[in-house]
**Q** 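Questions regarding the structure given below will be posed in turn.
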Protein chains: 2
Amino acid sequence: MLPERTVERLSEYRRTLLQSLEEGKTHIFSHELAALHHNTAVQVRRDIMFIGYTSMQRKGYDVRDLIDVIGEILDSEKGLNVAVVGIGNLGRAVTTYFVGKRSKLNIIATFDVDHTKIERVISGVKCYSLSRLKEIVESYEISVAIMTVPATSASEVTSQIVDAGIKGIMNFTTVPLIVPDDCYLEEYDMITSLEKVAYFVKSGQS
Amino acid sequence: MLPERTVERLSEYRRTLLQSLEEGKTHIFSHELAALHHNTAVQVRRDIMFIGYTSMQRKGYDVRDLIDVIGEILDSEKGLNVAVVGIGNLGRAVTTYFVGKRSKLNIIATFDVDHTKIERVISGVKCYSLSRLKEIVESYEISVAIMTVPATSASEVTSQIVDAGIKGIMNFTTVPLIVPDDCYLEEYDMITSLEKVAYFVKSGQS
DNA sequence: AAATTATTGTTAAATAGATCACAATCATGC
DNA sequence: GCATGATTGTGATCTATTTAACAATAATTT
């Protein structure tokens, strides 16, 4: 199990590397990769050490190989199936956003309680009634949920999600969710993040 | 200057506290606040210690007072003015989201290059041409920018933003931005977060 | 081919962050 | 009023993460 921050950075490195590859770069030095992030060369080397990849010494890392190795770490064999729960403004935007990106993360279904949305295709993905959550999650083997429901129903919907067998949640709502230990939770709270920016701006940050 | 994680948690506590206040709760124990987050009572007390607030011993924290003290730490006197840069699907959803919330963070303006959007009111906020960035930022004293432009123009727009005098950026794009030291940057990358969830689900997390 | 240089991989040290342990406090019951 | 019990505030400890330091390596120069 890798350190959480390392996992985040690997994801970021990969995107930079894909970009570099497109630009025809075949090798990259740790300090180059570091400069493209807010990062030091040592940190990059340490992260890459964690995943057990070793470079062509003195030539830098082979871009294509490194992308592959990061892929082996981050991606699941057949990709991971994801549902978006709550398809209001934010849910729609997020769905569109993810559907646009090529990735091993497949947005398979969306859920809502609004009858005008159910059974329609929204942002390219079919919307189902929340009451069919368990059924759909099981039949499509969905393991991750993106929570974009209103704050008022967040807790209740979370129980249903957990009950349906979801093993990871990315929570866009402002309500801190309570989930069992075997369900990974990523709080992804815009207000907190913006307030954090505000605080460090106010305090003349570091 | 408070620890970054403490700042995040204070923002979260405050929202929980406001909720508790609405429910008529006047006092709250550290373990109660902890249970509402993914957190321990000690951590809560430590965080509150950082901001120098002391409770009614044995009665818990005074909810209203604590909200005020957190406000003094997190909020700026007159609130902070914010611009959303790039008003596509995501930018619109984010704008609507923030405008909806009462807060000391005022979304004052949005920017885009699309002439069909410029000078119109979108999600309740006026959209200006990106070319007027500096002018508007200065006249409205905007200090924080939310970046929701396409990845392809992220770097270029960032230079303009920094040049216009913005002191904090919340970056929704997948491109890691390079900013000077006196500009606080919060990378808020959905793909990274979702890939992180996927990794920990795959690895049967902690 | 020896010396120089740039770069990596990794051990050790430093820093940041979370938790433990417990004295101090004070409401409550006796 | 004294003992009890619940809760806080905080020094000490522990864990996670980052950074420093440097030997090992191999391309490049001389």
Side-chain angles (χ1 to χ4, degrees), chain A residues 1-13 17 20 25-63 65-66 69-70 176 181 184-185 187 192 196 199-200 203 205-206, chain B residues 1-13 17 20 25-63 65-66 69-70 176 181 184-185 187 192 196 199-200 203 205-206:
Chain A
M1 188 86 55
L2 301 175
E4 196 165 322
R5 305 302 311 279
T6 295
V7 174
E8 291 179 16
R9 283 189 299 261
L10 288 173
S11 163
E12 290 163 12
Y13 297 160
L17 290 167
S20 298
K25 223 167 153 55
T26 60
H27 293 79
I28 194 165
F29 295 126
S30 59
H31 60 86
E32 289 178 300
L33 204 41
L36 293 167
H37 297 78
H38 337 101
N39 211 175
T40 63
V42 191
Q43 182 73 78
V44 169
R45 297 205 298 275
R46 166 67 35 124
D47 288 334
I48 289 175
M49 198 190 93
F50 270 122
I51 62 175
Y53 180 72
T54 54
S55 69
M56 334 278 305
Q57 283 259 17
R58 188 60 245 267
K59 270 286 197 185
Y61 300 96
D62 183 294
V63 175
D65 284 358
L66 188 48
V69 175
I70 293 177
D181 278 354
Y184 184 84
L185 174 63
E187 293 288 359
T192 291
K196 187 167 78 166
Y199 170 79
F200 285 107
S203 324
Q205 77 286 309
S206 63
Chain B
M1 188 87 53
L2 301 174
E4 195 167 323
R5 304 303 310 281
T6 295
V7 174
E8 291 179 16
R9 283 189 299 261
L10 287 174
S11 163
E12 290 162 14
Y13 296 159
L17 291 167
S20 298
K25 225 168 151 54
T26 61
H27 292 80
I28 193 164
F29 295 126
S30 58
H31 60 85
E32 290 178 299
L33 204 40
L36 292 167
H37 297 79
H38 335 103
N39 211 174
T40 63
V42 192
Q43 182 73 78
V44 169
R45 296 205 298 275
R46 174 74 59 183
D47 288 334
I48 289 176
M49 198 189 94
F50 272 122
I51 62 175
Y53 180 71
T54 53
S55 69
M56 334 279 304
Q57 283 257 18
R58 188 58 247 262
K59 270 285 197 185
Y61 300 96
D62 184 292
V63 175
D65 284 358
L66 188 48
V69 175
I70 294 177
D181 278 354
Y184 184 85
L185 175 62
E187 294 287 358
T192 291
K196 187 167 79 168
Y199 170 79
F200 285 108
S203 323
Q205 78 289 310
S206 61

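Chain letters run A, B, ... following the sequence lines, proteins first and then strands; every chain starts at 1.
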**Q** Enumerate the protein-to-nucleotides 13-17 of chain C contacts in which both atoms are nitrogen or oxygen and the separation is below 3.5 Å.
**A**
none

**Q** In whole angstroms, how far is the P atom of dT7(C) from the CD atom of E32(A)?
**A** 8 Å

**Q** Take the protein atom CG of D62(A) and the nucleotide atom P of dT8(C), then report the distance between them rounded to whole Å.
**A** 13 Å

**Q** Among residues at least two apart in sequence or on other chains, which ones pass side chain to side chain donor-acceptor pair (under 3.5 Å) with S55(B)?
**A** none

**Q** For residues L10(A) and Y199(B), determine if any side-chain heavy atom of one lies less than 4.5 Å from a side-chain heavy atom of the other.
**A** no

**Q** Using a heavy-atom cut-off of 4.0 Å across all strands, would you classify S30(A) as base, sugar-phosphate, or nothing?
**A** sugar-phosphate

**Q** Taking side chain to side chain contact (heavy atoms under 4.5 Å, CB included) as the test, write out the residues that go with T54(A), two or more places apart.
**A** none

**Q** R5(A): what forms a salt bridge (charged side-chain N to carboxylate O under 4.0 Å, His left out) with it, not counting sequence neighbours?
**A** E8(A)

**Q** How about P176(B) and E187(B): do any of their side-chain heavy atoms sit closer than 4.5 Å?
**A** yes

**Q** Determine which pairs satisfy ring-ring contact (aromatic ring centres under 6.0 Å, His included) with at least one residue from residues 41-61 of chain B, sequence neighbours left out, and list them in order.
**A** none

**Q** For K25(A), which residues count as a salt bridge (charged side-chain N to carboxylate O under 4.0 Å, His left out) partner, sequence neighbours excluded?
**A** E32(A)

**Q** Got a sec, which residues hit ring-ring contact (aromatic ring centres under 6.0 Å, His included) with H38(A), two or more places apart in sequence or on another chain?
**A** none

**Q** How close do R58(A) and F29(A) get, counting heavy atoms only, and between which atoms?
**A** O-CE2, 3.9 Å

**Q** At a heavy-atom distance below 4.0 Å, what parts of residues 35-42 of chain B sit against DNA chain D?
**A** V42(B)

**Q** Check the distance between dT8(C)'s C1' and Y53(A)'s OH and give it to me in whole angstrom.
**A** 12 Å

**Q** May I ask you to say what T54(B) touches in the nucleic acid, namely base, sugar-phosphate or nothing, with a heavy-atom cut-off under 4.0 Å?
**A** sugar-phosphate

**Q** Could you state the CZ-C1' distance from F29(A) to dA6(C), rounded to the nearest angstrom?
**A** 8 Å

**Q** Restricting to pairs with a member in residues 41-51 of chain A, which pass salt bridge (Lys or Arg N to Asp or Glu O under 4.0 Å), not counting sequence neighbours?
**A** R9(A)-D47(A)

**Q** Across nucleotides 22-30 of chain C, 5' to 3', mark each nucleotide with B, S or - according to how protein heavy atoms within less than 4.0 Å reach it.
**A** ---SBB---

**Q** Working note: T6(A) + I51(A), criterion side chain to side chain contact (heavy atoms under 4.5 Å, CB included); need CA distance, chi angles, decisive distance, verdict.
**A** CA-CA 10 Å; T6(A) 295; I51(A) 62 175; 5.5 Å; no

**Q** Please tell me if the side chains of N39(B) and Y13(B) come closer than 4.5 Å, counting only heavy atoms from C-beta onward.
**A** yes

**Q** How many whole angstroms separate atom CG of L66(A) from atom P of dG9(C)?
**A** 10 Å

**Q** Under 4.0 Å from any heavy atom of chain A: name the first and the last nucleotide of DNA chain D that qualifies, 5' to 3'.
**A** dT17(D) to dA27(D)

**Q** Can you list everything that forms a ring-ring contact (aromatic ring centres under 6.0 Å, His included) with H27(B)? Sequence neighbours excluded, please.
**A** none

